[in-house]
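Right, one structure below, let's go through it.
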Amino acid sequence: MNLTHTKLQPFPHSPPLTHPTFLFSSRSLLPFPRNLKPAHVSPSFLYKKHTLLRYGCFGVSRSRTRSSISEVEEEQKQKPVLVKRAYPFDEIEPQWQRYWEQNRTFRTPNDVDTSKPKFYVLDMFPYPSGAGLHVGHPLGYTATDILARFKRMQGYNVLHPMGWDAFGLPAEQYAIETGTHPKLTTLRNINRFRSQLKSLGFSYDWDREISTIEPEYYKWTQWIFLQLLKRGLAYQAEVPVNWCPALGTVLANEEVVDGVSERGGHPVIRKPMRQWMLKITAYADRLLEDLDELDWPESIKEMQRNWIGRSEGAEVEFCVLDSDGMETDMKITVYTTRPDTIFGATYLVVAPEYTLLSSIVSTEQRESVEGYQDIASRKSDLERTELQKEKTGVFSGCYAKNPTSGEPIPIWVADYVLGSYGTGAIMAVPAHDARDHEFASKFNIPIKWVVTPNNGSCVESGKPYSGEGIIVNSSNLKVGLDINGLSSKEAAYRVIEWAEKVGKGKKKVNYKLRDWLFARQRYWGEPIPVIFLEDSGESLPVLESELPLTLPELDDFTPSGTGEPPLSKAVSWIKTIDPSSGKPATRETNTMPQWAGSCWYYLRFMDPKNSNELVDKEKEKYWSPVDVYVGGAEHAVLHLLYSRFWHKVLYDIGVVSTKEPFKCVINQGIILGEVQYTACKDTDGNYISADSADDLGEYLQEIIPEERVVKSGEFFVLKDNPNIRLIARAHKMSKSRGNVVNPDDVVSEYGADSLRLYEMFMGPFRDSKTWNTSGIEGVHRFLGRTWRLIVGSPSHHGAFRDGTLVTDEEPTTEQLRALHKCIAKVTEEIEGTRFNTGISAMMEFINAAYKWDKQPKAIIEAFVLLLSPYAPHMAEELWSRLGHPDSIAYEAFPKADPAYLKESTAVLPVQINGKTRGTIQVEKGCSEEDAFTLASQDEKLSKYLNGKPIKKRIFVPGKILNVILDRQNVKAGSIQ
Ligand code: ANZ
């Protein structure tokens, strides 16, 4: 994954950096920090308590975990397989999949009837990794499939496509290691993904399948690049990248760990290189403003706002002084969001990469400054700006003048200031900024208080006060500025006004958002359609008519060693002629980052085969925007931001008709692996309860198989020793942990419908959930019960019957009520994407139906329709057995009749002689006679009523039945 551009973001607010393609990459899910080196004592592991506390988890070495897990797995493998197929899913499912394929059931025709409403439901398309599908993929895909099927049945034209985000680093790395061409690996992986998806019965329109690696597709990715170039939104710049001299290559961020290359552990430095940049910053305001209109999770919108990071402040000039303290021509411009604190600026800091630094630095300090620059070049921006990191820095040997106080202040070089943000220089106000305070305290720089809290309380010495307040110590009549007594806001305004007047500064809006680094020194990506004239070096766009500019074939994908991308080896491809001047030229050898293809694929699905246009205008107008876009929260920032940016550019040039691409975005939760139980042991090997383990300095751990565990109240304990509490923890699924569940295995054991249903039933769609195999057995049993209810049980020989058991009787009111309650609930829950509770409603219905003698066709048919978006194979099979020759996919989804939704029964309190003795369940509107009969039959009430003479009955319909006994006769009766 190439994420080099993310380094340019100065203060990423913990954005998830995983790319769509790495959704489930084992690498991005590394379970433990690399430096965790537990001593281990077989068969348990020994840890230092502080290590456990520090990582908030009970770390285990990866190799150890693997072996322990495989021991458990081995044991489990030896257990007999208890599952018996509850219905013939293994026959039904492939048969219906074939039917859908042969009949192109889910094809969305090119010429849909546009008078009908549309519904475009899209999954974040996957990177076809070598590992195949993970159970996390079908979570989102089942949800979108349910929505697609539901909307089709409601009469919408549905667009539900699938494709492949197929350029990317793993295939290239595999090519370097094995010599296999990335295209071969990628196509193989795509075939596997496609057949896995088909085996899950997703209703994609496979006729619209696209792949970002196909020239017919990337022709348009390149075309968009040319439009950006034409509008000055693509440009070249010298930008620092991760350069590994030993490997002779530029590395992506995730290939660099703690300053060294992940492969081989070689030092990595930051080195400026010529790069293509996209000017996303030109769209910063629109990307921010338009967020408000979107029906997206608030958390994603907030992450996008933070990433864009708009702040208002000022740029102020500080004049550099010479060694005699006289003003020079040199100025350092700082960016500050707190101009109100300017009198408290007791030093300046410039970033180690600050361009003017070498002309400021004094001769005596030159060596230490250069040494410092060298060390800083090896750190990532994230490492540099981490708040907890001890501040480092060196004095430049030079001073500047604070323009307000007139005092000389030292200029320092420190890496907590980034060259890429603001102006790369700050005025440091240690009394009011935590980082400056820490730095000034460490290097004995004066700290001057200039803001007091509004309540007038004194500032606690020893700590910075970073809030706003009332300004003090801030007046210099010589320069004509007095802000004492003003509020921070007023003071900031006055300082800016003053600076503008005296020509020392101006108001400034800044963004954390950086321009997007768009070039990669890789083979497996879209070629950038640019040529360079050999004589002048001038860059020129490839003519649109020459697109696609196809990737040349290469046998050797290894980096060149000079920093030149692998494409520089395609000598004959590189050499070209500029068609307009006839001059010799060379092609750009950088390729596009993987984000490129995924930036606009949703548009191509609307018109995938169009060779004249990116998308036909009418089609775009009809299908835009995507109504529901589902994927992992890890794409909350970059992918969504980049696509929004491109979309806005396409909007500006009239290619698309909407300002935003995705109306509603939903993030599915993560599926964690099965819960793992761990027991703690003291160093003699005796079990100790997990709650007391922390009291021991060191202890051992042992993974306990589930059959030795039992739940006791809130906790899990050892079955044979309930005093020993265990640690129960679910981990992310990862290869290294050995807890990855393969959907193929689930499909072959329980069927695709069970997997679909289980993934939806695990919990609320947006929440994280833990995998639990017995949960699948539960939904599988439900499907089996449904099958048996409608089709009947298998014969003695285990053969499943043909046909169904349904009858032609008119449904009873009770049956209609149960059905319509289920219809209402399932509809409401699909619309609210609460798929799990929709399943509960169907389970309740089946439970109720088991109590009926007969299963009327009208009722069962409607239920099968309800079931079909969730378990489409079974539904198709039942539908066909119910006598329908066509697929269920376009049948009308049942509508709930409100008449059957009203509660039909009520609870009626029954009094005997004015005292409440119990209640009875009565039909609404029941008569006095019926209520009395029910009361006499009630177990509790009958003893008060049976055989007793009754004086009178008072009946208030729906409210109460009061029976007054004839006391005299009772007594007489009792004497007799
Ligand atoms: C003086 C000051 C006084 C500041 C104070 C803050 C508090 P945001 O809001 O994130 O935009 N800054 C400016 N450029 C920087 C850089 N390249 N690297 C690191 N820090 C930088 O932050 C703006 C504030 O971050 C600026 O306001 C500056 O410190 C610092 F009481 O200036 B301030």
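Atoms considered below: every heavy atom in the structure, side chains included; atoms not considered: hydrogens, waters and symmetry mates. Numbering of ligands and ligand atoms starts at 1, following listing order.
Side chain to side chain, Thr328 and Asp322 fail the donor-acceptor criterion of an N or O pair below 3.5 Å. No hydrogens or angles considered: nothing links the side chains of Trp296 and Gln304 as a donor-acceptor pair under 3.5 Å. Tyr421 and Asn510 are not linked by any side-chain donor-acceptor pair at a separation below 3.5 angstrom, with hydrogens and angles left out of the test.
For ligand 1, the atoms lying closer than 4.0 Å to a non-hydrogen atom of Thr341 are 3 (C), 31 (F). With ligand atoms numbered from 1 in the order given, ligand 1 contributes 1 (C), 32 (O) to contacts under 4.0 Å with heavy atoms of Met427. Distances below 4.0 Å separate heavy atoms of Tyr335 from the following atoms of ligand 1: 11 (O), 13 (C), 26 (C), 28 (C). Every atom of ligand 1 is numbered from 1 in the order shown, and the set under 4.0 Å from a heavy atom of Val417 is 16 (C), 17 (N), 18 (N), 19 (C).
Between Tyr511, Tyr416, Tyr465, it is Tyr416 that holds the heavy atom closest to atom 19 (C) of ligand 1. Among Arg338, Glu312, Glu468, the residue whose heavy atom sits closest to atom 5 (C) of ligand 1 is Arg338.
For Tyr347 and Phe439, the ring centers sit closer than 6.0 Å to each other.
Residue Asn510 places no heavy atom under 4.0 Å from ligand 1.
Only side-chain heavy atoms of Val429 come within less than 4.0 Å of ligand 1; its backbone N, CA, C and O stay farther off. Only the side chain of Arg435 comes within 4.0 Å of ligand 1, counting heavy atoms alone; its backbone N, CA, C and O stay farther away. With a 4.0 Å heavy-atom cut-off, ligand 1 is reached by the backbone of Thr337 and by its side chain too.
Ligand 1 has an N or O atom lying under 3.5 Å from an N or O atom of Leu418, backbone or side chain. Checked against a 3.5 angstrom limit, the closest N/O atoms of His432 and ligand 1 fall outside it. Backbone and side-chain nitrogen or oxygen atoms of Lys512 are examined, and one is located within less than 3.5 angstrom of a nitrogen or oxygen of ligand 1. Ligand 1 has no nitrogen or oxygen under 3.5 angstrom from a nitrogen or oxygen of Asp436.
A salt bridge is defined here as a Lys NZ or Arg NE, NH1 or NH2 lying under 4.0 Å from an Asp or Glu carboxylate O, and Lys389 with Asp415 fails to meet this definition. Using a cutoff of 4.0 Å between basic side-chain nitrogens and carboxylate oxygens, Lys401 and Glu407 are not scored as salt-bridged.
Taken to the nearest 0.5 Å, the CZ atom of Phe645 stands 8.0 Å off from the OG1 atom of Thr281.
When the ring pair (Phe, Tyr, Trp, His ring centres under 6.0 Å) test is applied to Tyr335, no partner is found at least two apart in sequence or on another chain. With sequence neighbours left out, the side chain to side chain contact (heavy atoms under 4.5 Å, CB included) criterion links Ala491 to Asp340, Ile471, Ile483, Leu486.
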